[in-house]
A.B. asks: 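Questions regarding the structure given below will be posed in turn.
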Amino acid sequence: MFAQNYCRDMPKPIKFTKDIIIRTCLNIVESQGSEALTARSICKKMGCSVAPLFRTFKNMDELIAGVRDAAEDIYRIYMEDTVYYTPAFKEFGIRMIRFSKERPQLFRFLFLEINGRNNLADSIARECLKQTERDFSLTVDEANHVYDLMWPTLLGYSQLCCTDSELYTEEHISRLLSLHFAALIRLLKSKEEVIIKEPVLNTSELK
């Protein structure tokens with residue numbers, strides 16, 4: 001009888017599920033940055049040994065991939081229904097920059113640690129670009145050119161805003177994106193060849 005009561009009164013062991021581990025990791029990334037995401041920091045945050053981690057994940061690479069998937073789920077919420085806006089590609093840009101302002105560490109985690117590209121963002125942007133292609137009668141090559149030139153612009157503004165969220169208002173961002181886009185479309189439609197000139201030192205100006 002004593003043994004039965006003793007077993008019944010013992011606290012149940014905490015079960016560290018995959019979801020709990022991933023949510024803990026996201027919390028670490030958002031509060032401290034992805035560089036703080038180590039087995040030691042995760043275990044300290046959860047109050048456990050490394051055993052639950054590596055029972056659930058084969059290694060840290062698999063764990064970080066799971067955290068990245070969870071971060072993309074948050075990004076996907078920001079981008080939800082973007083393709084139904086007009087102009088859709090501009091709405092994509094505005095939300096991309098909004099994401100960098102509101103979730104700066106997740107933005108860095110998803111975009112700045114892997115050469116500035118992200119497959120999910122790429123697929124959403126290209127869906128939005130189909131509207132641009134149709135509305136401005138662009139060829140596929142021209143639409144791809146728009147994407148190739150606008151992406152570094154979006155990434156640059158996003159990076160600036162994730163460092164200082166008050167640098168640009170959303171209204172100012174909207175105007176900047178419109179100016180960039182209008183100039184690019186006008187150039188494409190003009191069929192003018194852009195002359196690339198390398199900077200040359202003007203020795204006559206040297207004192």
Side-chain angles (χ1 to χ4, degrees), residues 19 21-38 41-42 45 60-61 63-133 135-136 143-185:
D19 183 60
I21 295 170
I22 292 294
R23 283 192 285 111
T24 300
C25 291
L26 276 177
N27 183 270
I28 292 171
V29 171
E30 292 229 63
S31 60
Q32 302 174 52
S34 59
E35 63 276 5
L37 198 60
T38 64
S41 67
I42 298 166
K45 188 80 171 177
M60 283 298 294
D61 287 341
L63 171 56
I64 291 172
V67 179
R68 195 174 298 281
D69 287 342
E72 286 187 348
D73 286 342
I74 296 172
Y75 176 78
R76 189 179 283 106
I77 292 170
Y78 272 78
M79 292 297 167
E80 192 175 14
D81 73 11
T82 309
V83 293
Y84 300 113
Y85 280 72
T86 301
F89 192 64
K90 180 179 178 181
E91 181 67 14
F92 168 83
I94 289 171
R95 293 194 192 191
M96 174 85 169
I97 296 167
R98 185 185 300 156
F99 176 74
S100 77
K101 285 183 172 187
E102 296 178 0
R103 313 303 281 263
Q105 293 292 4
L106 290 188
F107 170 79
R108 293 186 180 99
F109 183 50
L110 290 177
F111 293 96
L112 301 187
E113 294 182 8
I114 308 180
N115 65 33
R117 291 287 187 177
N118 177 277
N119 289 337
L120 173 62
D122 185 75
S123 65
I124 296 171
R126 291 187 184 279
E127 276 299 311
C128 292
L129 202 59
K130 289 178 181 178
Q131 184 196 91
T132 304
E133 184 180 331
D135 291 350
F136 290 89
N144 286 334
H145 197 47
V146 169
Y147 181 71
D148 289 341
L149 292 178
M150 285 297 295
W151 179 254
T153 301
L154 290 178
L155 197 65
Y157 283 131
S158 297
Q159 188 168 359
L160 287 170
C161 289
C162 90
T163 302
D164 182 358
S165 62
E166 297 182 0
L167 184 61
Y168 298 116
T169 64
E170 199 154 285
E171 291 75 19
H172 190 52
I173 286 293
S174 178
R175 176 172 169 75
L176 289 172
L177 293 181
S178 290
L179 291 173
H180 282 291
F181 184 79
L184 181 53
I185 292 296

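Values reported hereafter were calculated over all heavy atoms of this structure, with side chains retained and with hydrogens, waters and symmetry mates removed. We count residues from 1, following the sequence as given. These numbers come from a predicted model, not from an experiment.
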A.B. asks: Apply side-chain contact (heavy atoms from CB on, under 4.5 Å) to the pair Phe89 and Gln131, showing each step before the final yes or no.
C.D. replies: CA-CA 8 Å; Phe89 192 64; Gln131 184 196 91; over 6 Å; no
A.B. asks: Just grab all the salt bridge (charged side-chain N to carboxylate O under 4.0 Å, His left out) pairs involving residues 21-36, residues at least two apart or on different chains.
C.D. replies: Asp19-Arg23, Glu30-Arg103
A.B. asks: Do you know which two heavy atoms are closest between Cys128 and Phe92, and how far apart they sit?
C.D. replies: SG-CB, 4.0 Å
A.B. asks: Are any non-hydrogen side-chain atoms of Ile28 and Val67 less than 4.5 angstrom apart?
C.D. replies: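 Ile28 does not reach Val67 side chain to side chain.
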A.B. asks: State which residues pass side chain to side chain donor-acceptor pair (under 3.5 Å) with Tyr168; sequence neighbours excluded, sorted by chain then number.
C.D. replies: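 Tyr168 satisfies side chain to side chain donor-acceptor pair (under 3.5 Å) with no other residue.
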A.B. asks: Please round to the nearest 0.5 Å and tell me the distance separating atom CG of Asn144 and atom CG of Leu149.
C.D. replies: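 Reported to 0.5 Å precision, the distance equals 11.0 Å.
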A.B. asks: For Leu26 and Ala70, which heavy atoms make the closest approach, and how far apart are they?
C.D. replies: CD1-CB, 3.7 Å
A.B. asks: When rounded to the nearest 0.5 angstrom, what is the spacing between CD in Gln105 and CG in Leu112?
C.D. replies: 10.0 Å
A.B. asks: Determine whether Ile74 and Glu102 satisfy the following criterion, side-chain contact (heavy atoms from CB on, under 4.5 Å), listing intermediate values before the conclusion.
C.D. replies: CA-CA 11 Å; Ile74 296 172; Glu102 296 178 0; over 6 Å; no
A.B. asks: By salt bridge (charged side-chain N to carboxylate O under 4.0 Å, His left out), which residues pair with Glu91, not counting sequence neighbours?
C.D. replies: Arg95
A.B. asks: Quick one: does Phe107's side chain get under 4.5 Å of Ile97's, heavy atoms only?
C.D. replies: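 Phe107 does not reach Ile97 side chain to side chain.
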A.B. asks: Under a 4.5 Å cut-off applied to non-hydrogen side-chain atoms, are Asp135 and Pro87 in contact?
C.D. replies: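 A side-chain contact is absent here, since even the closest heavy-atom pair is not under 4.5 Å.
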A.B. asks: Side chains of Leu177 and Ile173: closer than 4.5 Å at any heavy-atom pair?
C.D. replies: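 Answer yes - side chains close enough.
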A.B. asks: Show your working on side-chain contact (heavy atoms from CB on, under 4.5 Å) between Leu155 and Met96 and close with a plain yes or no.
C.D. replies: CA-CA 8 Å; Leu155 197 65; Met96 174 85 169; 4.2 Å; yes
A.B. asks: Could you give all pairs that pass the side chain to side chain donor-acceptor pair (under 3.5 Å) test and reach residues 65-74, with sequence neighbours left out?
C.D. replies: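 Pairs touching residues 65-74 that pass the test: Glu72-Asn118, Asp73-Arg76.
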A.B. asks: Identify, with sequence neighbours excluded, every residue that meets ring pair (Phe, Tyr, Trp, His ring centres under 6.0 Å) alongside Tyr75.
C.D. replies: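 Tyr75 satisfies ring pair (Phe, Tyr, Trp, His ring centres under 6.0 Å) with Phe99, Phe111 once adjacent residues are dropped.
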A.B. asks: Which atom pair, heavy atoms only, marks the closest approach of Met79 to Ile124?
C.D. replies: CB-CD1, 3.7 Å
A.B. asks: Would you mind reporting whether Gln159 and Ser100 have side-chain heavy atoms less than 4.5 Å apart?
C.D. replies: no
A.B. asks: Find out whether His180 and Tyr157 are in side-chain contact, i.e. whether some heavy atom of one side chain is under 4.5 Å from a heavy atom of the other.
C.D. replies: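 A side-chain contact exists here, since the closest heavy-atom pair is under 4.5 Å.
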A.B. asks: How far apart are the closest heavy atoms of Gly93 and Leu154, and which atoms are they?
C.D. replies: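 What the structure gives for the nearest pair is CA-CD2, 3.5 Å.
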A.B. asks: Test of understanding: with ring pair (Phe, Tyr, Trp, His ring centres under 6.0 Å), list the residues that count as partners of His145, not counting sequence neighbours.
C.D. replies: none
A.B. asks: Going from CG on Leu160 to OG on Ser165, what distance comes out if it is rounded to the nearest 0.5 angstrom?
C.D. replies: 12.5 Å
A.B. asks: Who passes side chain to side chain donor-acceptor pair (under 3.5 Å) against Lys90, sequence neighbours left out?
C.D. replies: Ser174, Ser178
A.B. asks: Less than 4.5 Å apart, any side-chain heavy atom of Tyr147 and any of Asp122?
C.D. replies: yes
A.B. asks: Please, which pairs that meet salt bridge (charged side-chain N to carboxylate O under 4.0 Å, His left out) have at least one residue in residues 165-183, sequence neighbours excluded?
C.D. replies: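 Passing the test, one end in residues 165-183: Arg98-Glu170.
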A.B. asks: Using the test side chain to side chain donor-acceptor pair (under 3.5 Å), find all partners of Ser41 that sit at least two apart in sequence or belong to another chain.
C.D. replies: Thr38
A.B. asks: Can you name the side chain to side chain donor-acceptor pair (under 3.5 Å) partners of Glu113, sequence neighbours left out?
C.D. replies: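 Counting only residues at least two positions away or on another chain, Glu113 forms a side chain to side chain donor-acceptor pair (under 3.5 Å) with Ser34.
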A.B. asks: Does any pair with a residue in residues 148-158 pass salt bridge (charged side-chain N to carboxylate O under 4.0 Å, His left out), and if so which ones, sequence neighbours excluded?
C.D. replies: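 Listed by first then second residue: nothing to list.
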A.B. asks: What's the spacing between Leu110 CG and Asn119 CG if we round to 0.5 Å?
C.D. replies: 11.5 Å
A.B. asks: Using salt bridge (charged side-chain N to carboxylate O under 4.0 Å, His left out) as the criterion, list what pairs up with Glu127, not counting sequence neighbours.
C.D. replies: Lys130
A.B. asks: Between OG1 of Thr132 and CD1 of Ile185, what distance do you get to the nearest 0.5 Å?
C.D. replies: 7.0 Å
A.B. asks: Is the shortest side-chain heavy-atom distance between Trp151 and Arg117 below 4.5 Å?
C.D. replies: yes
A.B. asks: Nearest 0.5 angstrom please: Ile22 CD1 to Asn27 CG, how far?
C.D. replies: 13.0 Å
A.B. asks: Using modelled atom types and a 3.5 Å cut-off, is there a donor and acceptor pairing between side-chain atoms of Glu133 and backbone atoms of Ala143?
C.D. replies: no
A.B. asks: Taking the ring of Phe181 and the ring of Phe136, is the distance between their centroids below 6.0 Å?
C.D. replies: yes
